[in-house]
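So the structure is just underneath, and the comments pick up after that.
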Amino acid sequence: MALSVFFAVLAAAALHAGWNALIKIKLDPFLAMTLICVACGVIALPALLITGLPRLAAWPWVAASVLIHFGYYLSLSEAYRRADMGQIYPIARGSAPLMTACISLLALQDHMSPGNIAGIALLGTGVVLISLRGHRHKMAPSRAAVGCALITAATIAAYTVVDGVGARISNDVNAYAATLFVVDTFPMLIFCLWRKGLQGIRPAFGFLLPGLAGGAMSLAAYWIVIWAMTVAPIALVAAVRETSILFGGLIAVFALKEPFTRVRAVSAALTVVGLMLMRLF
């Protein structure tokens, strides 16, 4: 992975942690997720008018990604409804690169060195470690919340591989990304209207600015990742993206006032060592 790509994905990780923190605003997590998803589509629409649509061969991958993303939004919002960001975010993001690496090695045969593989394993271990205990008033983790977070991790691994392959097939990463973000808006919006009704979505109108900010961060973060997966191994990009746990931990402690623990410190250390292995070897 080129140094410029490495730092671009690190920037995407910081943006990703930022929009996840916005889901914890004083709004129902499902509504917050829908708001951010719709904001992504609105922001991406002008870009789509410029880039045009991707080639026909990429459309099955776009459709698969939209379906998987829908599952991702539902499972993540449900997990955040049940537990703190400090518990859910590490499980969801930490398990995903290990799953992605397995899929990438077995199905795509992306080349990775032993140092790359060791780095991915260390990074994944570090970010999963933090999830071994809950942080809401020092209570034990909710099994339902952990289950939702693990389902989220599986969807992350699935859509990462799908979008990596789809972007490569499209031969135009910008057209692929813009199309994905615009089309991705509709399932979540339709489902939200069906589930909540017009009256039920009224609280979201009080959070339009945070929603637009979250949408802009989400779009920029994943657009960078989709581009990076066309110029670097998908598993490496997925692993570096999960350094968002470091940024997420800082946000959880300083902005959301969740406690800083020794587990979080050890997790951060393992994550940094994993990054060094991936970058240097």
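Atom set for the values below is all heavy atoms of this structure, side chains included, hydrogens, waters and symmetry mates excluded.
- Put simply, the side chain of Arg55 never gets that close to the backbone of Asp172: no donor and acceptor are under 3.5 Å apart.
- Applying the ring-ring contact (aromatic ring centres under 6.0 Å, His included) test to pairs two or more places apart or on separate chains, those with a residue in residues 146-175 are His69-Tyr159, Tyr72-Tyr159, Tyr159-Tyr222.
- The distance from atom CG of Asp184 to atom CZ of Phe70, rounded to the nearest 0.5 Å, is 10.0 Å.
- Judged as a side-chain hydrogen bond (donor to acceptor under 3.5 Å, both in side chains), and not counting sequence neighbours, the contacts of Thr160 are Arg241.
- For residues 194-207, the set of pairs meeting the side chain to side chain donor-acceptor pair (under 3.5 Å) definition, not counting sequence neighbours, is empty.
- Residue Leu56 qualifies as open at atom CG: its count of foreign heavy atoms under 6.0 Å is 12 or below.
- When all heavy atoms of Tyr176 and Ser65 are compared, the pair lying nearest together is OH-CB, 4.2 Å.
- The heavy-atom pair separating Ile43 from Gly215 by the smallest distance is CD1-C, 4.0 Å.
- Annotation for Pro187 and Val66: closest pair CG-CG1, 3.6 Å, computed over non-hydrogen atoms.
- Listed by first then second residue, pairs satisfying side chain to side chain donor-acceptor pair (under 3.5 Å) with a partner in residues 145-156 read Ser75-Thr152, not counting sequence neighbours.
- Contacts of Trp223 classified as side-chain hydrogen bond (donor to acceptor under 3.5 Å, both in side chains), with partners at least two apart in sequence or in another chain: Asn174.
- Val62 and Leu49 sit in two unconnected hydrophobic clusters of ILVMFWY residues. Membership requires side-chain heavy atoms under 4.5 Å apart, directly or through other members.
- A 4.5 Å side-chain heavy-atom check between Ile201 and Thr34 finds every atom pair outside the cut-off.
- Val5 and Leu236 fall within a single hydrophobic cluster, where Ile, Leu, Val, Met, Phe, Trp and Tyr are joined by side-chain heavy atoms under 4.5 Å apart, directly or via other members.
- Interatomic distance, CG of Asp28 versus CG of Leu35, reported as 11.5 Å (0.5 Å rounding).
- Shown here for Gly166 and Ala58, the closest heavy-atom pair between the two residues is O-CB, 4.0 Å.
- Within the model, atoms OG1 of Thr179 and CG of Leu45 stand 10.5 Å from one another, a figure rounded to the nearest 0.5 Å.
- Note: the hydrophobic cluster containing Leu67 does not contain Ile156 (ILVMFWY, side chain heavy atoms under 4.5 Å, direct or indirect links).
- Scanning for side chain to side chain contact (heavy atoms under 4.5 Å, CB included) contacts around Thr185 gives Val38, with sequence neighbours left out.
- Nearest heavy-atom pair across Ala44 and Phe181 is CB-CB, 3.6 Å.
- Tracing side-chain contacts under 4.5 Å through hydrophobic residues (I, L, V, M, F, W, Y), one never reaches Leu212 starting from Tyr73; they form parts of separate clusters.
- Considering only heavy atoms from C-beta on, Cys192 comes within 4.5 Å of Leu31 through its side chain.
- The minimum heavy-atom distance linking Pro233 with Arg168 is given by the pair CA-NH2, 4.2 Å.
- The distance from atom CG of Leu189 to atom CG of Leu193, rounded to the nearest 0.5 Å, is 4.5 Å.
- With hydrogens and angles ignored, the 3.5 Å screen pairs a side-chain donor or acceptor of Ser170 with a backbone N or O of Ala167.
- Under a hydrophobic clustering in which Ile, Leu, Val, Met, Phe, Trp and Tyr are joined whenever their side-chain heavy atoms come within less than 4.5 Å, directly or via other members, Leu219 and Ile50 fall into different clusters.
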